[in-house]
Amino acid sequence: MTLHPQYVIDEKGQRRSVLLSIEEYQELLESAQDVIDAALIDEVTDDARVAWSDVKAKHSRGRRR
């Protein structure tokens, strides 16, 4: 990803804001979401796993009541 930022500077010449094109902004947001999604996947894969047969059996027992 290549960004072409433009900066808004104050009277002292300090950078205060950044301007990006809509396309660059959307690409940046998508990249950030990809990082968040990857972290969530890592978190979920660290959780304990339950066998599908156990889930089905528990669900079946609950329906009989």
Problem set entry | Those residues that, when tested against Gln33, pass side chain to side chain donor-acceptor pair (under 3.5 Å) (two or more places apart) | Asp37

Any side-chain heavy-atom pair from [X] and [Y] closer than 4.5 angstrom?
X	Y	value
Leu28	Leu20	yes
Ile9	Gln14	no
Leu19	Tyr7	no

What's the separation between atom [atom1] in [X] and atom [atom2] in [Y], rounded to the nearest 0.5 Å?
X	Y	atom1	atom2	value
Lys58	Asp54	NZ	CG	10.0 Å
Gln6	Ser21	CD	OG	9.0 Å
His4	Glu23	NE2	CD	12.0 Å

For this session: Might you confirm whether atom CG of Leu29 has over 12 heavy atoms from other residues, nucleotides or ligands at distances under 6.0 Å?
Result: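 Count over threshold, so yes.
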
Seminar exercise, completed: Residue set satisfying salt bridge (Lys or Arg N to Asp or Glu O under 4.0 Å) with Arg15, at least two apart, ordered chain then number -> none

Problem set entry | Partners passing side-chain contact (heavy atoms from CB on, under 4.5 Å) against Lys56 (at least two apart in sequence or in another chain) |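 If we apply the side-chain contact (heavy atoms from CB on, under 4.5 Å) test to Lys56, skipping adjacent residues, the hits are Trp52.
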
